[in-house]
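Written below as structure tokens is the structure these notes are about.
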Amino acid sequence: MSATTVDTRALLDNTTDDPRRRAPLVLNHTEFGFVTDTVCGVVERTTPRSWYIAFAAALLMTGVMFAMITYLITTGIGVWGIQVPVGWGFAIVNFVFWVGIGHAGTLISAILFLLRQKWRTSINRFAEGMTIFAVVCAGIFPGIHVGRMWVAYWLFPVPNQMQMWPNFRSPLLWDVFAVGTYATVSLLFWYMGMIPDLATLRDRATTRLRWFVYGVLSLGWRSSNRHWHRFEMAYLLLAALATPLVLSVHSVVSFDFAVSIIPGWHTTIFPPYFVAGAIFSGFAMVVTLVIPTRHFFRLQEIITLRHLENMSKIMLATGMMVGLAYSTEFFIAWYSGNAYESFTFLNRAFGPYAWAYWIMVTCNVVVPQIFWSKRMRTNLVVMWIASILINVGMWFERFVIVVSSLSRDYLPTSWGYYRPTIIDVLTFAGSFGLFFTLFLLFVRFLPIIGMAEVKGVMPAALHGEPGHGDYHGDVVERVGRRGGAR
Amino acid sequence: MARDRSDNIFVFPRWTWVLRPGFAAAVAGGLLYAGLIVWLGFSPKTTDVGYAPEQPVPYSHALHVGQLGIDCRYCHNTVEQAAHAAVPPTQTCMNCHATVRKESEKLIPVRASYASGLPVGWIRVHDLPDYVYFDHSAHVRRGIGCVSCHGRIDSMDVVYQFAPLSMGWCLDCHRNPERHLRPVEFVFQLDWVPEEDQLVLGRRLREAGGINPPVDCNTCHR
Amino acid sequence: MPSLINETGPMYWRSLDELARTPEFAEAVRREFPNDEWDRLPAATRRQFLQVMGASLAFAGLTACRWPKEEIVPFAHRPEDRVPGVPQHFATSIELGGVALGALVTSYDGRPIKAEGNPEHPDSLGALSAVAQASVLGLYDPDRSRQVILRAGGQEYAKSWDEFEADLAGQVTGSGDGLAVLSEASSSPSLGRLRDRLLAARPAASWYEYEAVSFDGERDGLRTAFGRPLHVLPHLDRAHVVACFDADPLFEHPAAVRLSRGFAASRDPHRPDGMSRLYVVEAGYSLTGGRADHRLAVPASQVVGLLAALAAAVMERLGMPVPAGLGDAGGGPSPESFLAKLADDLLAHRGAGAVLVGPRQDPLAHALAAVLNAVLDNAGSVVSYHELADPDRPSHLAAIGELSARIAAGSVKTLVILGGNPAYDAPADLRFAELLGRVPNAVHLGLYDDETSRACRWHLPQAHPLESWGDGRAWDGTLTLQQPLIEPLYGGRSPIELAAALLDPVPVRGWEIVRDTVRAVAPAADFELHWRRCLHDGLVAGTAAPAAAPQLDLEAVSQLALAQEPPPAPSANALELVLAPDSKVYDGRFANNGWLQELPDAVTKITWGNALLLSPTTARELGVAQEDVVAVSAGGASVEVPVDVLPGLARFTALLSLGYGRTAAGGVGNDIGTDAYPLRTTAAPWVIPRATVRPLGRRQKLACTQDHHAIDTIGFGERNRRVANLVREASLDAYLEDPEIFRHMDHHPPLEQLWKEGTYEGEQWGMAIDLNACTGCNACVVACHAENNIPLVGREQVIRQREMQWLRIDRYFRTPQGVAPDEVEDAAMVFQPVACVHCENAPCEQVCPVAATQHTADGLNAMVYNRCVGTRYCSNNCPYKVRRFNFFNYRKRMADIAKMQLNPEVTVRSRGVMEKCTYCVQRIEKVRIAAGNDRRPIRDGEISPACAQTCPTRAITFGNLNDPSSEVSRLRGDHRSYATLEELNIRPRTRYLARLSNPAAAAHVDAGGGDHGKETA
Amino acid sequence: MSRHQTQPDAGGSYGYLVAFDSVEQLLQAAARVRDAGYTRWDAHTPFVVHGLDAAMGIRPTILPYLVFAGGLTGTTCGILLQWFTNAHDYPFLISGKPIFSLPANIPVAFEMTILFAALTALVGMLALNLLPQLAHPLHASRGFKRATDDRFFISIEARDPIFDPVATRQLLESLGGSAVEEVPG
């Protein structure tokens, strides 16, 4: 059967809401085999040349980044534009940017899972992968931004001859734990969800190598329902843990600023504001990646237009939240009557960094408004461009917060103006290289869609009980029965 | 049939079930081993203690201090006034060796230095990092004996590093000096032992002298 | 070309080791200790080469890590008074512009590492100017010349001193015909003695003295007024009204330290007879102008006119006949209000005022000042006159002019130049550099192989003042001794040694010459004892010139006045260009001194170069903006220089400082800034009329440590709003009305802790900085730089806002509200020294993830370099932005010889580490240990950080806050005491004492903060 | 118990395996096997089939309790770590703040909680499932590969107390699945 060609006469738009029947999540097909073949096909088909080209490009960019880092380590962080007063520049901006991106994955997997949003199944694997890669990129920057990278391990509580310990009052140390935990948990979540699908790849293996690799990775999964039973429970628990985690991580990241005394940083609104922003940017990045991928690998029937429309709606919502945060900041700056605070915000909007501020506002608040219109929500090109603009805007949000606040704090004599160097820019560009390298490897060698989960929400799996069929239904209603193994 | 993509079946051999506990054991053991290597291998106790370089002149503290009973301060005469317990000038050696062992082979560098005025290049044994500021006077004037840090110099033919001289080691004493405090008159007496319990004595001396060693960073780092 | 000329640091070490074994070296030692008597002197032993040796080898070890093993190199024969690692202090002197400043130099294991003031010395009083302190760095400058060089036929040959002496013996014949000596300004009695002997022994020889920056205007002015030149010595501590006409007694004056101390005393609001009032008339801001109660910005050329008008006004009111030529001498604008007010004030305080005129003004101005001081009875009370040692010498300009003429006439065969750099700084119209080429045998003794040396046949390495014997006179004439602290690093010789060589070929040591001078000047029964005492004190007591009571010759003054034609008033196409010695490199001699190059100019805050200063309105009318490069032309010459727009300058007046654009200064100073000497002529040495400014359409960044970028309107407004609160100021009257006035100046909610208040027992260190005493002179900044091994970062890094000074002096201009940045005409200038204030609730501490900065038991905010990982979070979170970061290893290119200056008591920071003011914790620890050793408490004032130690006005006080009797506690109890950014509840340990202005009644508006005081009162 | 379940008994048979095409068939079949009183048997499905647990009579897992315990351990470690390092072993004065105050320790304690709990969830799940177990008799069956694709299986082990080569085979054949396959042990 043909998984590789899409029947163009077939129905591809499932965005119309028909109250009489729930909108299908997989189009034109009812047999499970179709899902297996389509998704595994991505991995099993011979590698297209275009993949090699893209991979080479990404690899090149990664090389650039590591070249920059080598130069940085051998020469000193003076090669960056940072100075006094602006002691944090691109490195921290990029860190916050990437961590923010990293939030969509866990959010889609965990929160939508708890909210029983079935449509998540086609994109969660994808988003989780993206999370891991974003966090990897984010993780690089705190490491290299310190003046003496070779003693960066002092940030961890390692017993040593000095009998010195890190200072747990410092938000940076909270960061270490938050980001560390987040990376670990996201990885667990991602891998665990993948085990059954890896088993599928194992069982479809035609070469010894593939069989061995996927065999080991799938840990000998044999689809036993007694295993599924605990698997579901573990998955539910991980989701329940990851949800507060994902909220806490960006809150902690925002503490780096909120706990300081710098006007423009010292704000109680930061945690919710940062989390909303993170979700916002995360979804934007998913859209940016999903649209080309689904087109390229012909996944239109599994990652349907409805999925994309839903994501547009979420971007619209989070975009408005971020916009609200911006205006609240201004209101409070004025309302608090704190002279330093109000100057900082006037300065943001009309000072030397006004250009950055208005780029941010345009991309993050104005652009998403187009998603009020359904035509825009269902127009892939528009959606794709908008998502990229939102990514740009969110990067600038971090730039404005970090740089413009620092550049003019309390004593006018030590005001300054930060200019990035070419090293700054290339390092940032290079981190995208790393991101795409990992992403390309992922789409090439791993199941980019959770087959077992998609199958679970297909009509054939629901044995005529509409409204049921998602994992936790039975977890919740199950009561102890006699007999059986434990 | 259509769904079956390959005729050959791959199966893992039965013995692989052993891997599970084996793997777990390997991971745990490996981590423990690595930890121990780092902890023990890089500790100053391992790297520094016992460092005994060969000196240009085979000067024996065992002979001069142990047997002849020369006081530490005869040579290291700045120890009570200054941060450095200065290594003596050649002159000091010659005070005796102008008459004693005039012809000795071993003393050739000393005599040469005395004649030319060029220094004898001794090798530093107790070498703290440049960012550490240790003051001998502050310690000996408060009743910390030489022996506490340098060991029984009077029995060393070749001086070696007795203590790790690590920050943790310094802190231990700065936090509980009573373990080492002694009456100032016995500071330079290497073989002195208290009649009473050291801790009792130490606490009394600490009380009396109002000795509260600071543990602030800039006590040693400036 | 012989390679020895450009030896580098490491080369030096090697050569030294070899040296130690060569016969030449043995010879050097012999010359060093000629006889036994020598060895008995304490001074003798410390110059044993062993120390230099020891230092070199120690450094070889010090830079190494643990496991290339480190060597200990003890003395072979340790001197009596030497304890290794314990610094010693020696009194010596540093001569600048012919005035000797007493200094107390710290020597660490034989290495002079820091110069401080000599408390015994009348002009130093324990403090030292920035420039004088920086001379220590000059000693170790790797670019100093190391070699006698003979230049002939376009070739350079490395020669020895013997070869030179042989050659000289051939050149200088019996009567000394064709022999001329050009000395830089010197008050050295020894040199004077040798000069007289030389001129006696070789009657045909001639002796000239030239220095670009001199006080000859005053000499000539007083010669007119009193018939003979005298030194004017103001006693500002006694003054009630001080009027400065283009004068800068607080900074530019050679005795500035002494005058500043006096001024500060007179500004004490609690002075029994009230606080003094300062009037300043000047072209652009000087530090004195910054402290003025009433300031008038007029073109420099108009000052004399105002003086004449003032003199006339005063004499009229005294009912004296006004001599001809005075009343109408001033052609320029004469704002009645100001002059009238000043006249009234001076008359109201007869005998308690001073009228001072600066070196830029021509003799008439000085004469008029003399007249005013005389008729007001200030002479003898506030202003005293002192006889000069060399009353008859021609002025420097005349001397160099005459010498040039004689060279042009070809009548000079051998020209011996003792120091100085005339080829660079002689008036442009003389073309002196070219003339030098025509002298068959020109000999230049200099610290550097500089512009002059390159135009001469012989270059001789000069011994640095810290390497050689010498003497000089303080401003009041006190004989001050200069003794070496180290063997000449590069075998140089001092001017007196060279001068002696002109007399007899057998080299005489400077030591003998100075001894003979002292013996001659101050004979004593037991000379040996007397000599030792003088060496110990650094001066010969009781040698100050007696005060003179000269007779005023009004007639001569009015003649001079009549002879003067009124100068033209400047306009947009005929600007007035005012030249000034630079506040850092002076006349250019310090161009290769990194500390001074990187020191922000007191007023402009520009480092590494100079700029053409224009007032905002003038700049607007000329159509030039900040950092535009312009061509400044006058009298045919033209130079290119970037513009710095600054308030407080007279309209159509441009200021430019000398001393930059050196071509042979050395690796540091070459091609830094713009050389202004081409514009300077014999006719118009300082004030150049009819100059034009033409924008070249280029821009050039100024390495400025403040306002790093052109300020926008929002920022400008906000800055003005904040200044009032940061630098609090009120008029004396307002303050006396309501002593609490400064507490009312900011309003914030009660400062409560979230948690239990910490208690602080034992010594608790704190600091008080009196803004009413601070003049912004930068002495503390250099002292801090020298004490704490602060690295130099260079122009590029300063532009990128990475300067490293721990202590900076913030300079603000108070501009009236609502004035646009480019319309500011006049604005009050205020200073505020800012270093780490050691907050009790330090924001920097809580954010450091590795606890590299934490609070100590004695209340210091400790910065632990070796723990720092360099997140820079602390710097971000510091509201004062006083933390400094090592973005690179700024010592990578540091020559080994320069490392000899480093203070061993302070860790040398490496790359990627944060640093900041430590309250000089090394000094605290030193005293604490010493006090603990002999079981005694620490005395108040026993600990003094480098900045406090060197402050000329004693504006900085350090001490124990837990001791209610300590000076610092007293000052913090003062009504004027306040903390900046108090509302953040960070509890800074450094507090400021507010500034007071003392405007004349009915003139509060003119005073910077006076009106503000009124509002809140 | 499951240890010997995985252990091959020499040359013997592992048990029977029967395949179904639809979820409905599977559920009915499972219910019948359960009611027949078998204990050592299992169902194999490519995805989670709703209601199958009930049909097989599987009791809830203890995993949640393990995870809860893991979380508590995390919190305790987090707090203890911070107390020991900053308040006990080497206390230092920071910004005039108390040596030990809970608010500053919440973030790290929270993250440690999540970390420990999450690790327990995955490791616990694998441990209870006795995974990884690469080798299993069922993998030798060729048809069984589709258990991860689109087919549904029921397997009954020969080790089951009431297993009878004949009766059991009859039961399975009566379930309407594919031909019963005997899987070698």
Side-chain angles (χ1 to χ4, degrees), chain B residues 47-48 51 53-56 75 77-78 80-94 110 112-125 127-133 135-142 167 209-222, chain C residues 20-21 29 48-50 53-54 57 61-63 65-67 69-79 82-86 762 788 851-858 860 862-867 904-910 918 920-926 928-930 932-935:
Chain B
T47 55
D48 295 6
Y51 171 60
E54 193 194 336
Q55 300 290 357
C75 301
N77 56 354
T78 64
E80 287 173 303
Q81 297 85 41
H84 302 284
V87 170
T90 318
Q91 184 127 41
T92 311
C93 312
M94 293 306 281
V110 176
S113 151
Y114 190 68
S116 67
L118 292 169
V120 179
W122 301 95
I123 309 301
R124 186 180 285 279
V125 179
D127 189 5
L128 297 175
D130 292 341
Y131 51 75
V132 175
Y133 291 84
D135 191 304
H136 275 90
S137 70
H139 291 80
V140 296
R141 295 278 286 270
R142 283 161 185 73
M167 176 170 160
I211 293 163
N212 297 309
V215 286
D216 294 327
C217 307
N218 59 21
T219 310
C220 310
H221 306 301
R222 303 169 186 170
Chain C
R21 291 161 191 71
V29 184
Q48 294 182 345
F49 65 89
L50 262 190
M53 286 289 301
L57 296 175
L62 192 138
T63 48
C65 59
R66 176 81 163 89
W67 294 113
K69 52 180 182 279
E70 193 170 301
E71 259 197 340
I72 305 177
V73 281
F75 291 99
H77 316 272
R78 187 193 300 156
R82 272 296 294 282
V83 177
V86 174
N788 292 303
T853 181
Q854 42 179 274
H855 230 67
T856 68
D858 51 5
L860 298 189
M863 178 68 222
V864 196
Y865 313 120
N866 41 304
R867 176 66 176 175
E905 291 300 317
V906 178
T907 306
V908 173
R909 283 80 59 189
S910 179
T918 62
C920 283
V921 65
Q922 66 278 13
R923 295 187 174 205
I924 298 176
E925 289 301 318
K926 195 170 157 198
R928 184 214 296 285
I929 289 171
N933 281 353
D934 18 11
R935 302 281 192 278

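Lettering of chains follows the sequences in order, A, B, ..., and the numbering in each one begins at 1.
Contact record, C:Pro74 with B:Pro88: CB-O, 3.6 Å, taken as the closest heavy-atom pair. Residues B:Ala86 and B:Thr78 share a closest heavy-atom pair of N-OG1, 2.9 Å. Contact between C:Ala76 and B:Pro89 at its shortest, heavy atoms only, is O-CB, 3.6 Å. Minimum interatomic distance between B:Val125 and B:Gln55 (heavy atoms only, all atoms of both residues): CG2-NE2, 3.7 Å. Nearest approach of B:Glu54 to B:Ile123, heavy atoms of both residues: O-CG1, 3.7 Å. Nearest heavy atoms, B:Thr90 versus B:Ser113: OG1-OG, 2.6 Å.
Contacts of C:Leu860 with chain B are made by side-chain atoms alone, with heavy-atom separations under 4.5 Å and no backbone atom involved. Using a 4.5 Å cut-off between heavy atoms, C:Asn788 does not touch chain B at all. With a 4.5 angstrom heavy-atom cutoff, B:Pro129 does not touch chain C via any of its atoms. Only the side chain of B:Asp135 comes within contact range of chain C, with heavy atoms under 4.5 Å apart. Residue contact with chain C, scored on non-hydrogen atoms closer than 4.5 Å, involves the backbone and the side chain of B:Tyr131 alike. Using a 4.5 Å cut-off between heavy atoms, C:Arg935 contacts chain B through its side chain alone, with no backbone atom that close. For chain B, the nearby part of C:Gln854 is the side chain; its heavy atoms alone come within less than 4.5 Å. Both the backbone and the side chain of B:Val87 come within contact range of chain C, with heavy atoms under 4.5 Å apart. Both the backbone and the side chain of B:Ala138 come within less than 4.5 Å of a heavy atom in chain C. Looking at C:Thr918, there are no atoms closer than 4.5 Å to chain B (heavy atoms on both sides), in backbone or side chain.
Put simply, of C:Asp934, C:Asn933, C:Val906, the one with the most heavy-atom pairs under 4.5 Å next to chain B is C:Asn933. The choice from C:Val864, C:Ile72, C:Ile929 that makes the most heavy-atom pairs within less than 4.5 Å of chain B is C:Ile72. Ranked by heavy-atom pairs shorter than 4.5 Å toward chain B, the options C:Val86, C:Val921, C:Ile924 are led by C:Val921. Each of C:Ala857, C:Gly85, C:Cys920, C:Ala862 has some count of heavy-atom pairs under 4.5 Å with chain B, and the biggest count is that of C:Ala857. The candidate from B:Val110, B:Asp216, B:Val140, B:Ile211 with the greatest count of non-hydrogen atom pairs under 4.5 Å with chain C is B:Asp216. Contact count against chain C (heavy-atom pairs under 4.5 Å) is highest for B:Ser137 among B:Ala83, B:Ser137, B:Pro214.
By the 4.0 Å N-to-carboxylate-O rule, C:Lys926 lies too far from C:Glu905 to be salt-bridged with it.
Using modelled atom types, one finds a donor on one side chain and an acceptor on the other under 3.5 Å when comparing B:Asn77 with C:Arg78.
At distances below 3.5 Å, at least one donor-acceptor pair connects side-chain atoms of B:Ser116 with backbone N or O atoms of B:Ala112. The main-chain N or O of C:Arg909 is never found under 3.5 Å from a side-chain atom of C:Thr907 such that the two would form a donor-acceptor pair.
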